[in-house]
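Step one of this worksheet: look at the structure below.
Both backbone and side-chain heavy atoms feed into the values below; hydrogens, waters and symmetry mates do not. Order of listing sets the numbers, starting from 1, for every ligand and every atom in it. Given the structure is predicted, the values throughout are model-derived calculations rather than measurements.
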Amino acid sequence: MDLDIKGNTALITGSSGGLGYASAKALAEEGVNVVLNGRNTEKLKRAVSDLKKTATGKVIGIKADVSIEKDVVHLVNRTVEEFGTIDHLVTCVGGPPSKKFMETLGEEWHKAFESLLMSVVRLTQEAEEHLKENGGTIVNITSISVKESIDDLVLSNSVRMGVLGLMKTLSRELAPEIRVNAVLPGYTETERVEGLINQSIERGDISDYQEGVNKLSKDIPLERIGKPEELGEVVAFLCSKRSSYVTGVAIPVDGGWSRSNL
Ligand SMILES: NC(=O)c1ccc[n+]([C@@H]2O[C@H](COP(=O)([O-])OP(=O)(O)OC[C@H]3O[C@@H](n4cnc5c(N)ncnc54)[C@H](OP(=O)(O)O)[C@@H]3O)[C@@H](O)[C@H]2O)c1
């Protein structure tokens with residue numbers, strides 16, 4: 001299927017690894033010029049160099065912490081300086097720590113709010129004038145935790161609901177020029193999931209990594225955790241002309257894990 005987005009420009013945040021990187025890869029292999037982003041310079045450089053091996057569009061990296069307002073302004077301005085506009089904004093950021101409610105400090109709530117929600121608010125505010133120029137798209141990478149809460153992830157279960165409310169509001173306010181959708185990953189093989197499994201090992205809930213993967217896979221109808229590229233392909237579809245009548249939806253990419261009827 002031709003996604004018909006060759007030559008467009010995409011800014012994908014939190015994309016020096018994991019799901020953001022997989023989304024950038026899917027777009028870059030369709031001939032889209034992509035901006036990768038992350039906080040760690042070396043990791044970002046490695047990601048740019050890896051992606052250049054298969055990209056058919058241009059690839060650059062811009063270091064920025066999307067939970068900080070001035071970094072977001074810099075990220076959007078540098079993207080426009082480099083490519084002239086932004087056609088696709090894909091918002092992604094590292095997940096919050098795995099904790100129970102009574103272990104979670106006030107400052108951690110503030111941090112999660114700035115990182116998970118305010119990053120999306122600021123990125124959208126800064127990019128909107130560029131996105132609307134040629135009929136752009138926004139895809140918010142959030143979590144299946146908005147459909148079904150996940151044990152020991154109170155920050156994700158709570159704060160990400162705000163991203164969904166924002167996505168739905170924007171899909172109406174920014175229409176018809178900009179389409180806005182979300183993807184809800186379930187368990188997918190990235191450093192984030194490795195980190196969550198390691199935190200379970202430290203808590204004594206499980207004894208090793210494989211036990212962690214088996215435990216996560218047990219409740220998934222497709223009997224395995226996902227691969228990052230399986231999420232990236234859905235993001236690329238939502239950015240493309242092939243989804244031209246789709247806006248305001250949140251698509252689970254979870255192997256059927258969520259039991260929610262809606
Ligand atoms: N993987 C899963 O199973 C899964 C399931 C549901 C939801 N999610 C959510 O989906 C998102 C992506 O997950 P992932 O598994 O890809 O995570 P990951 O493997 O930890 O990758 C996160 C990426 O974002 C960058 N990043 C983190 N914080 C950032 C910030 N403040 N500003 C800019 N870049 C930042 C990281 O690089 P630096 O550290 O160098 O900045 C890294 O490149 C997370 O919010 C996660 O909670 C993941």
Side-chain angles (χ1 to χ4, degrees), residues 11-26 34-48 50-51 61-76 90-99 111-120 122-123 139-150 152-164 182-200 212-213 215-217 220 224-232 234-235 250-255 257-258:
L11 167 58
I12 305 101
T13 68
S15 52
S16 57
L19 304 179
Y21 180 82
S23 304
K25 189 168 192 292
V34 300
V35 175
L36 295 184
N37 155 255
R39 296 164 301 177
N40 180 292
T41 309
E42 287 314 308
K43 189 171 163 183
L44 183 58
K45 276 189 188 160
R46 272 199 308 277
V48 169
D50 285 348
L51 189 49
I62 302 174
K63 182 183 169 177
D65 181 337
V66 293
S67 64
I68 299 173
E69 187 170 5
K70 71 173 176 33
D71 279 26
V72 168
V73 173
H74 166 73
L75 180 57
V76 170
V90 179
T91 66
C92 181
V93 66
S98 161
K99 293 206 164 184
K111 208 171 157 191
F113 179 75
E114 290 293 328
S115 170
L116 297 177
L117 180 59
M118 286 311 293
S119 64
V120 183
R122 291 175 182 137
L123 282 159
V139 179
N140 304 130
I141 300 180
T142 62
S143 172
I144 197 63
S145 67
V146 301
K147 287 250 177 216
E148 199 172 317
S149 64
I150 303 177
D152 303 324
L153 274 175
V154 65
L155 292 170
S156 181
N157 297 337
S158 311
V159 180
R160 289 189 201 271
M161 292 300 284
V163 179
L164 260 273
V183 288
L184 314 179
Y187 294 112
T188 316
E189 232 175 322
T190 65
E191 281 177 24
R192 162 79 176 160
V193 156
E194 273 175 45
L196 290 175
I197 293 176
N198 288 334
Q199 287 174 49
S200 290
V213 172
K215 197 174 165 195
L216 295 181
S217 307
I220 301 175
R224 61 177 176 84
I225 63 176
K227 298 179 192 138
E229 57 269 29
E230 292 175 306
L231 187 287
V234 178
V235 171
I251 301 184
V253 186
D254 67 348
W257 177 83
S258 167

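Around atom 7 (C) of ligand 1, the closest heavy atom drawn from Thr142, Asp65, Ile141, Asn40 belongs to Thr142. Closest to atom 11 (C) of ligand 1 by heavy atom, among Leu75, Val93, Val72, is Val93. Residue Lys43 holds the heavy atom nearest to atom 42 (C) of ligand 1 of all those in Lys43, Glu42, Lys111.
Checked by distance only, ligand 1 and Gly17 come closer than 3.5 Å through their nitrogen or oxygen atoms. For the pair Val66 and ligand 1, the shortest N or O to N or O distance falls below 3.5 Å. The N/O atoms of Ser15, backbone and side chain alike, include none that comes under 3.5 Å of an N/O atom in ligand 1.
Classification of Arg224 and Glu189 as a salt-bridged pair fails, no side-chain N sitting under 4.0 Å from a carboxylate O.
Heavy-atom contacts of Gly18 reach the following atoms of ligand 1: 16 (O), 19 (O) (cutoff under 4.0 Å). The Asn37 neighbourhood of ligand 1 comprises atoms 33 (C), 34 (N), with distances under 4.0 Å to a heavy atom of that residue. Near Ser143, meaning under 4.0 Å from one of its heavy atoms, ligand 1 places the atoms 6 (C), 7 (C). Near Arg160, meaning under 4.0 Å from one of its heavy atoms, ligand 1 places the atoms 9 (C), 44 (C), 45 (O), 46 (C), 47 (O). In summary, the atoms of ligand 1 found under 4.0 Å from a heavy atom of Val193, numbered by their order in the structure, are 1 (N), 2 (C), 3 (O). Atom numbering of ligand 1 starts at 1 in the shown order; those under 4.0 Å from a heavy atom of Ala64 are 32 (N), 33 (C). Of all atoms in ligand 1, listed by their number and element, those nearer than 4.0 Å to a heavy atom of Gly38 are 34 (N), 41 (O). Atoms of ligand 1 lying under 4.0 Å from any heavy atom of Tyr187, numbered from 1 in the order shown and given with element: 3 (O).
The backbone and the side chain of Glu191 each have at least one atom closer than 4.0 Å to an atom of ligand 1 (non-hydrogen atoms only).
In terms of protein heavy-atom proximity, atom 3 (O) of ligand 1 is closest to Thr188 N, 2.7 Å. With hydrogens left out, the protein atom closest to atom 19 (O) of ligand 1 is Arg192 N, 3.4 Å, a heavy atom. In terms of protein heavy-atom proximity, atom 15 (O) of ligand 1 is closest to Thr190 OG1, 2.4 Å. At the shortest separation from atom 25 (C) of ligand 1 among protein heavy atoms lies Gly14 CA, 3.6 Å. Here the heavy atom of the protein found nearest to atom 27 (C) of ligand 1 is Gly94 N, 3.2 Å. The shortest contact between atom 13 (O) of ligand 1 and any protein heavy atom is with Leu19 CD1, 3.8 Å. In terms of protein heavy-atom proximity, atom 29 (C) of ligand 1 is nearest to Arg39 NE, 3.4 Å. Cys92 SG, 3.5 Å is the protein heavy atom nearest to atom 12 (C) of ligand 1.
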Item to complete: Please lay out, stage by stage, how Glu42 and Lys63 fare under the test salt bridge (Lys or Arg N to Asp or Glu O under 4.0 Å).
Response: CA-CA 10 Å; Glu42 287 314 308; Lys63 182 183 169 177; over 6 Å; no

Item to complete: Apply side-chain hydrogen bond (donor to acceptor under 3.5 Å, both in side chains) to Asp65 and Ser67, showing your working.
Response: CA-CA 5 Å; Asp65 181 337; Ser67 64; 2.7 Å; yes

Discussion item. For Leu164 and Leu184: C-alpha separation, side-chain torsions, deciding distance, then whether side chain to side chain contact (heavy atoms under 4.5 Å, CB included) applies.
Written reply: CA-CA 10 Å; Leu164 260 273; Leu184 314 179; 4.2 Å; yes

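The shortest side-chain heavy-atom distance between His74 and Ile62 falls under the 4.5 Å cut-off.
The closest approach between Ala22 and ligand 1 stays at or above 4.0 Å for every heavy atom of the residue. Within the structure, ligand 1 lacks Ser115 among the residues with a heavy atom less than 4.0 angstrom away. Close to ligand 1: Gly186, with a non-hydrogen atom less than 4.0 angstrom away.
More than 12 heavy atoms of other residues, nucleotides or ligands sit less than 6.0 Å from atom NZ of Lys99.
Listed for the Ser98 side chain is a donor-acceptor partner under 3.5 Å among the backbone atoms of Asp152.
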